[in-house]
Amino acid sequence: MKVCLISAPTANHFDHRAVGETEAARIMGELAPVGILSLAAVLEAKGLQPEVVDLNRVYYSWLQGSNRNKTDFCSFAGGYFAGRDFDFFGFSTVCSSYPVTLRIAAEVKREHPKSFVVLGGPQASVVDVSTLRAYPSIDLVVRGEAEQTLPALVDALSGDGALAAIAGITFRREEDGEIVRNPAAPLVADLDALPFPAFHLFPDVRYCRHFPLELGRGCPFSCTFCSTNDFFRRNFRLKSPAQMIADMRRVKQTYGINSFELVHDMFTVDRKRVVAFCEALLECKRKDPEDTFIWGCSARTDCVDEELIELMSRAGCRGIFFGIETGSRRMQKIIDKGLELNDSAERVRSCDRFKINTAVSLMAGFPDETMDDLRDTAAFFVDSLRYDHADPQLSILAPLAGTPISTQHKDALVLNDDVADMSYRGWRQALEDHAMIAAHPEIFSSFYSAPLPHLDREFLKELRDFLLSGMRVFRKLLLGLHQDSGNVVDVFQQWQQWRTRNGILFSNGDRTVYYAQSQFPTDFLRFVRLHYIPMSKAPLAITALADYEAALLGGDHDQQQVPDDPLFQDSEDLLSPDSRLRLLPGVKVVKLPADYQEIVRRLRQRSSLHDLPSQPVKLAIRRVPAGEAEVRQLTPLSAELLELCEDGYTVQEIKGEFLLRNIEIPGVPVDKLCLAGIEILRQQRLIALA
Ligand code: B12
Ligand code: SF4
């Protein structure tokens, strides 16, 4: 049997901007469909030669193509499959692209009516019966983990066995068209026994920065919004440390990649096993320093402690995804997450201490959520901005099919244009998709919003855009405003009123666009200066933070990055009295009314901002390629020197100015002081020879 396995489309990063081939390949590589590749490996072990089609790549080709405006993506994908003859087309599915996948599957069935069109993966598994009822082009759904089911199914479809005997499938009976749901298949008990995923069938994987490798399956917790716990039947399993290390070595040998995204919803359920994994990695590194791997994983904040985090960091952990979900104690109980939020905040702090980046994932839009709950979530979001290694995220709840929350509210789901973004993630929604979604809430519930009897939906959506954009463009100012006002939601409400009074209005769709563009920070800084600061408890600190952000936003500074300047590297030797110095492009000197470092220290420690002394300081801000700006508070000597460089003085003239301005350090000749100062600025990559 000729089998084609097709990934679920998950990459819509290409929609909004031009992405070149190399970056596209990297993105697609990092989205390698581990499930599909595991199934392909199992089929290969059985002697078959499956093909894998990456729908992300097909999508990219469609976007690059010249007739993109004439054909829609699904017809294009249909054309792509038209010339390929397979007996079995197996589509993987996730909620966000389920309408797209179903439409492509229909095109494939039309082109290949005799072939079997089969769905698997997390979405089809939970809406199997309703999908088969509504979409006749789908022949069959494989539910749950499929390493055991798929080979048996392929045999049965080749004539070697009956569908009725295959656990884990739902199918349309040939005789009477009845939908039959066979009992669930057994789980894969020993993950070590699975073959290495068929990454060789997915060439883009070699462009990964972080290679996806499965670490295990199954989370034993029961959060009411979560679908993945049920999918793996809450059965926690891990691959052994020996197996993981063998897999990591193999990737390193084959692709030269030593950074991994370890796929498991909740790695740290069993502390002893996390310790064993970390110790195995450390031992491996001790034996051969070449065997050093770095990795990221998912965890709950109540299943790690500071000691474990320190060990994980030493063993190469550089990123942890923490699903905190809500900053409200009340909602933590209602959604059955049950985190102790003070501890959660502590864990984020510990990770920052050990330089582990954390995704602090939060959600809003739960049916029971009140304004107070929302304020607590917004506070948790902004509070985590204290830590440089924390990356808070805020999504609006998508009622995933089959979850308790979605079942409970199934009759009250709301379909609006601004779909729940946890599911949708910005896929271009064709009219056909919209019609499918509107006709089948039971299949596409994740495109709906939960009812919100206690919250204003528009308010929530704008708050989310405001926080996400605010974090991106003025992280410390947002934190300062939150700390000064008591809660960032109060600032947001004032901003909302101010922008309405000042005629900054938008309709639904324009809102997200407005917040994503540079007009928002410009307007917001005006609001802070004109409206907020006069009423602030700590006007000096807020002014300093606003001045700092304004400088970062400023015109050409944004565009320019410091180039590598080989000439400059040797400039020490080239420095003569006539040498003229200049600021490097991308470097900017900013004067602030208060000590910026002290403000940042106080923000970190949550200490008061209002008794800050007035003490003007100068900062040098330097854009670093592909990174955040580097900020340096200047000593008085460096500040004077930088100012002279800004004005284009020669070394000789600078020395003269030093004498005139009585700039001195007792016992150090002015010549030496001047050259030493220039050398420091040079090493800090702030100045160059003009
Ligand atoms: C890694 C990951 C991602 C990666 C990319 C994944 C990829 N390669 O496409 C990223 C970060 C991009 C991502 C994004 C999103 N994800 Co995600 N993701 C995961 C995660 C953590 C691991 C996926 C994985 O590799 N699993 C391991 C493999 C072995 O399992 P599997 O993929 O399910 O495959 C097995 C079976 O499903 C089955 N199978 C799968 N396909 C097929 C096909 C056929 C024909 C057959 C027979 C069987 C079969 O057999 C496989 C082997 O047993 C899962 C959770 C999880 N633990 O699975 C969530 C998960 C898939 N994601 C989810 C969601 C909601 C999303 C987002 C929509 C939003 C979000 N919350 O982040 C976005 C979508 C992006 C978009 N633009 O569309 C949900 C999907 C729920 C649903 N009902 O569809 C999951 C289940 C997590 C959850 N929140 O509950 N995700
Ligand atoms: S802890 Fe995470 S993976 Fe586990 S049930 Fe809750 S949300 Fe799902």
Side-chain angles (χ1 to χ4, degrees), residues 3-13 15 27-42 54-56 88-98 100 116-127 140-150 153-154 168-169 185 187-188 191 194 197 202 212-232 234 236 261 263-266 269 298-300 302-303 321-323 325 335-339 361 363 393 395 398 400-403 406 420-427 445-446:
V3 176
C4 179
L5 296 174
I6 304 146
S7 71
T10 46
N12 43 20
H13 317 54
D15 267 8
I27 292 172
M28 292 184 266
E30 282 174 10
L31 296 177
V34 175
I36 284 282
L37 298 175
S38 175
L39 297 178
V42 168
D54 180 15
L55 275 188
N56 286 333
F88 182 109
F89 290 90
F91 287 86
S92 194
T93 62
V94 290
C95 53
S96 50
S97 49
Y98 201 44
V100 172
F116 298 103
V117 173
V118 175
L119 305 180
Q123 178 66 11
S125 292
V126 287
V127 292
L140 204 149
V141 174
V142 176
R143 305 187 319 266
E145 294 172 41
E147 280 88 353
Q148 299 172 81
T149 311
L150 184 61
L153 174 64
V154 168
I169 63 166
L187 298 170
V188 178
L191 295 177
L194 292 178
F202 198 86
L213 266 191
E214 203 186 0
L215 175 59
R217 295 178 186 177
C219 170
F221 290 90
S222 334
C223 310
T224 59
F225 58 86
C226 177
S227 69
T228 176
N229 49 9
D230 203 43
F231 183 83
F232 294 111
R234 298 198 169 74
F236 175 76
E261 189 52 52
V263 175
H264 192 303
D265 295 311
M266 227 314 258
V269 167
S298 288
R300 280 174 61 109
D302 56 353
C303 295
F321 179 94
F322 283 132
E325 327 303 358
I335 63 171
D336 277 347
K337 185 89 194 190
L339 294 178
S361 175
M363 273 192 268
Q393 305 173 352
S395 313
L400 295 179
T403 58
S406 118
D421 60 357
M422 189 183 123
S423 159
Y424 182 59
R425 284 291 154 105
W427 274 96
S445 64
S446 60

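Start at 1 and go down the list; that is how both ligands and their atoms are numbered.
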**Study point:** Proximity flag Glu261 to ligand 1, non-hydrogen atoms under 4.0 Å
**Key:** no
Check your understanding: Going by the atom numbers of ligand 1, which of them fall below 4.0 Å from some non-hydrogen atom of Val34?
Key -> 25 (O)
Review point. Does an N or O anywhere in Glu145 fall below 3.5 Å from an N or O of ligand 1?
Key: no
Point to revise | Where ligand 2 meets Phe225 - atom numbers and elements under 4.0 angstrom, heavy-atom basis | key: 7 (S)
Practice item. Give the single entry among Cys219, Gly144, Ser446, Gly35 that approaches atom 38 (C) of ligand 1 most closely by any heavy atom. Key: Gly144
Check your understanding: With a 4.0 Å cut-off on heavy atoms, is Pro33 touching ligand 1?
Key -> yes
Exercise for review: Please determine if Glu214 has a nitrogen or oxygen closer than 3.5 Å to a nitrogen or oxygen of ligand 1.
Suggested key: no
Point to revise | Per-atom contacts of ligand 2 with Asn229, taking only distances under 4.0 Å to non-hydrogen atoms | key: 5 (S)
Check your understanding: So, is Cys226 polar-close to ligand 1, with some N/O to N/O distance under 3.5 Å?
Key -> no
Review point. Does Ala11 reach ligand 1, in the sense of a heavy atom lying below 4.0 Å from it?
Key: no
Check your understanding: Are any of the N/O atoms in Val126 less than 3.5 Å from those in ligand 1?
Key -> no
Practice item. Could you tell me if any non-hydrogen atom of Ser227 lies under 4.0 Å from any atom of ligand 1? Key: yes
Review point. Judging by distance only, is a nitrogen or oxygen of Ser96 under 3.5 angstrom from one on ligand 1?
Key: yes
**Study point:** ligand 1-proximal atoms of Thr10, by part, heavy-atom distance under 4.0 Å
**Key:** both
Review point. Does Glu147 reach ligand 1 with a nitrogen or oxygen that is under 3.5 Å from one of the ligand's nitrogen or oxygen atoms?
Key: yes
**Study point:** Asp265, any N or O under 3.5 Å of ligand 1 N or O
**Key:** yes
Review point. So, does Phe232 sit close enough to ligand 1 that a heavy atom of it is under 4.0 Å from the ligand?
Key: yes
Practice item. Tell me which protein heavy atom sits closest to atom 6 (Fe) of ligand 2, plus the residue, atom name and distance to 0.1 Å. Key: Cys223 SG, 2.3 Å
Point to revise | Student check: side-chain heavy atoms of Arg300 and Cys223 closer than 4.5 Å | key: yes
Review point. Any N/O/S atom of Cys219 sitting less than 2.8 Å from atom 4 (Fe) of ligand 2, backbone or side chain?
Key: yes
**Study point:** Protein heavy atom at shortest distance from atom 8 (Fe) of ligand 2
**Key:** Cys226 SG, 2.4 Å
Exercise for review: Give a yes/no verdict on whether any heavy atom in Ala32 is under 4.0 Å from an atom of ligand 1.
Suggested key: yes
Practice item. Say whether Arg234 and ligand 2 are in contact under the criterion: heavy-atom distance to a ligand atom below 4.0 Å. Key: no
